[in-house]
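Naming convention: chains lettered A, B, ... in sequence-line order (proteins, then strands); numbering from 1 in each chain.
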Amino acid sequence: MRIYATLVYLFLYLPIGIIALFSFSAGRSASQMQGVSVVWYGKALSNPFVIDALKTSASVALTSAVLASVFGTMAALALTGMKGRLRVLFDAMVYIAIMIPGIVIGIATLIALVTVFDSVNPWLEPLTGYRLSMGFASLTAAHVLFTMSLVIVIVRARIEAMDRSLIEASSDLGASPLATFWQVTLPLLFPAILAGFLLAFTFSFDDFIIAFFVAGSETTLPIYIFSSIRRGVTPEINAIGTMVMATSLLLLVLAQTMLRRAGTSKQ
Amino acid sequence: MAISRHKARLLLLGPAGLWYAALLVLPLAVVLVYSFGERAAAGGYAPAFTLAQYANLGSRWAAFKNTLVLAPAGTLAALLIAYPLAYFLAVRVNPKWRTALLVLVIVPFWTSILIRSYAWIYLLGGRGIPTLLADLGLGDWRLINTPFAVLVGIVYGYLPLMVFPVYVSLEKLDKRLLEAAADLGAPPWRSFLQVTLPLSLPGVATGSMLVFILLMGEYLIPQMLGGGKVFFVGNALVDLFLQSRNWAFGSAMSVTLVATMLVVVTLYMRFLKRIGAARDDIGVM
């Protein structure tokens, strides 16, 4: 039993480990370890395409994670204790947004936005000299759809597990609802919101398939990696991949710590 | 406060509602409408009302067939590998290590599937495991760009998602039931088959459903490890939208994919109900 478990953990971590190991190779060969160096990290970080893609990915992830945490938290607060048709509708939306495959979300967003842009641009362009096209905004908006739903689920779980008596005590002691919110509710929810934010950032930063459809002329890091792999395996991709993994791992550890602090950490 | 509770609620729901309307409902409605249209001469969409796209689905049967064979096969393989690990974590392991080991299972799921699949291009490619096998005198193997490679990628990618629900249902299992079975003279294999396994079925069903649903829309794993030879619906969709620009046919295919998923989910839910599964088994990873 224990041997079996060890084997499964090896299966889970060996492939990642090999990528990380080869990223420190000094040679040009992507499949043989030739000395130890960080030369490929230097190469990757001085490659303007990589830096551009990294900047795009980071700013899309940051923007979408901020929007997702704010809008998701607002919605989670509103949905608490709510009944009726609107509640059912929102629950359905959250569920559908999480369950529909990313590829279908990507396709649907692409054709819907292109259709809208094509009908708006003919009168928008002469008027303002500006035309709408797929890019940063469409990608960010598409990521917010999924990550906002994730935040709603996480924050709502926290609200449900929260000690109501604190809020009641606050209003019994004469605090206004707004003061109660800022001084009691929000601090209690904060770890869950932050965990949601970090998971949203990680999702957006790692997403390939939605970006593949809706990124327009923008190149995110996963898109760059995907097209590089098509051209062949190099130690440079190993270095980039290792950095991406390390970033996600760091954010995950942070998110996990936050969830634990929030006391909702079962998963 | 000047605004009523109800109005405050609507204000709070505003942005999320707007997002769901503009980026979920509208796009899905567009896909549905377009699926009854035609391909414009220059690519894209031309308005029409025809079932021609759906009638033509047969021409992409291979993609559906691959998906409908490899998605269940991958789900089953993931389950067979995940179950003993979940059992080990829930029943056998020292509780001191349990949380850490669980976190170690879930962490890979939240890191880039692109890079994790890329790792297997390495391992299964010419100079990876095949070289190792040849050196050991085990013959000439070609692994990359085969259904086997895709299966390995699937199991690797989705194992964490399977382990978790199974673990949750095994962990909730009342250990006294097993003691009772032993007291009544049941050998361990029998109490496993007649007590543990049936009681863990809800977790098995939940995990299988999650993995199966995600696999139905998979693109990256078959693309990277199947090398265009092992084609899923997702690969056909990328081809239809980004290469041949046949939006109407691609939309019909998307609708069919989602419809197939809905049918499977509904059937599964019914199955879950029948075996009396608790709804709270469905966790968010």
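- Among the candidates P15(A), P222(A), A97(A), S138(A), the residue making the largest number of heavy-atom pairs closer than 4.5 Å to chain B is P15(A).
- For the atom pair F241(B) CZ and I107(A) CD1, the distance stands at 4.5 Å (nearest 0.5 Å).
- Using a 4.5 Å cut-off between heavy atoms, T80(A) touches chain B through its backbone atoms (N, CA, C, O) alone.
- With chain A as partner, the option from Y156(B), Y167(B), Y87(B) having the largest number of non-hydrogen pairs under 4.5 angstrom is Y156(B).
- With a threshold of 4.5 angstrom between heavy atoms, Y4(A) approaches chain B through side-chain atoms but not through N, CA, C or O.
- Of the two parts of S176(A), neither the backbone nor the side chain holds a non-hydrogen atom closer than 4.5 Å to a non-hydrogen atom of chain B.
- Here L242(B) is the residue among L159(B), L242(B), V103(B), I121(B) with the most heavy-atom pairs under 4.5 Å with chain A.
- Looking at I105(A), only its side chain comes within 4.5 Å of chain B, counting heavy atoms on both sides.
- At a 4.5 Å heavy-atom cutoff, the contact between L86(A) and chain B is made by side-chain atoms alone.
- Looking at Y219(B), the atoms closer than 4.5 Å to chain A (heavy atoms on both sides) all sit in the side chain, from C-beta outward.
- Nearest heavy atom pair, residue A76(A) against residue I152(A), reads CB-O, 4.0 Å.
- Considering every non-hydrogen atom in both S244(B) and R39(B), the closest pair reads O-NH2, 2.8 Å.
- More than 12 heavy atoms of other residues, nucleotides or ligands lie within 6.0 Å of CZ in R98(B), so this atom counts as buried by the packing criterion.
- Among G106(A), G241(A), G102(A), A141(A), the residue with the largest count of heavy-atom pairs under 4.5 Å with chain B is A141(A).
- With chain A as the partner, the residue from V30(B), V233(B), V265(B) showing the most heavy-atom pairs under 4.5 Å is V30(B).
- Counting heavy-atom pairs under 4.5 Å between each of I111(A), V8(A), T109(A) and chain B puts I111(A) at the top.
- Taking both residues in full, the closest heavy atoms of V33(B) and Y45(B) are given as CG1-OH, 4.1 Å, listed atom of the first, atom of the second, then distance.
- With chain A as the partner, the residue from L10(B), L26(B), I213(B), L237(B) showing the most heavy-atom pairs under 4.5 Å is L237(B).
- Only the side chain of L220(B) comes within less than 4.5 Å of a heavy atom of chain A; its backbone N, CA, C and O stay farther away.
- Interface summary for chain A: among P108(B), S254(B), A82(B), G44(B), the most heavy-atom pairs under 4.5 angstrom belong to P108(B).
- Ranked by non-hydrogen atom pairs under 4.5 Å with chain B, the options F203(A), Y13(A), F208(A), F213(A) are led by Y13(A).
- A distance of 9.5 Å separates OG in S64(A) from CG in D207(A), rounded to the nearest 0.5 Å.
- Between chain A and the options L101(B), I115(B), L13(B), V31(B), the largest number of non-hydrogen pairs under 4.5 Å is found for L13(B).
- A salt bridge links R156(A) with D91(A); the closest basic N to acidic carboxylate O contact falls under 4.0 Å.
- Of all non-hydrogen atoms in L102(B) and L89(B), the two that sit nearest each other are CD2-CD1, 4.0 Å.
- Remark: F164(B) CZ to T206(B) OG1 distance equals 13.0 Å, nearest 0.5 Å.
- When each of L7(A), L12(A), I237(A), V104(A) is scored by its heavy-atom pairs under 4.5 Å with chain B, the top score falls to L12(A).
- Scanning both residues, M253(B) and A236(B), for their nearest heavy atoms gives CE-CB, 3.5 Å.
- Shortest non-hydrogen contact noted between T73(A) and S69(A) is OG1-O, 2.5 Å.
- Contacts with chain B were tallied for V70(A), I100(A), V144(A), T242(A); V144(A) has the most, counting heavy-atom pairs under 4.5 Å.
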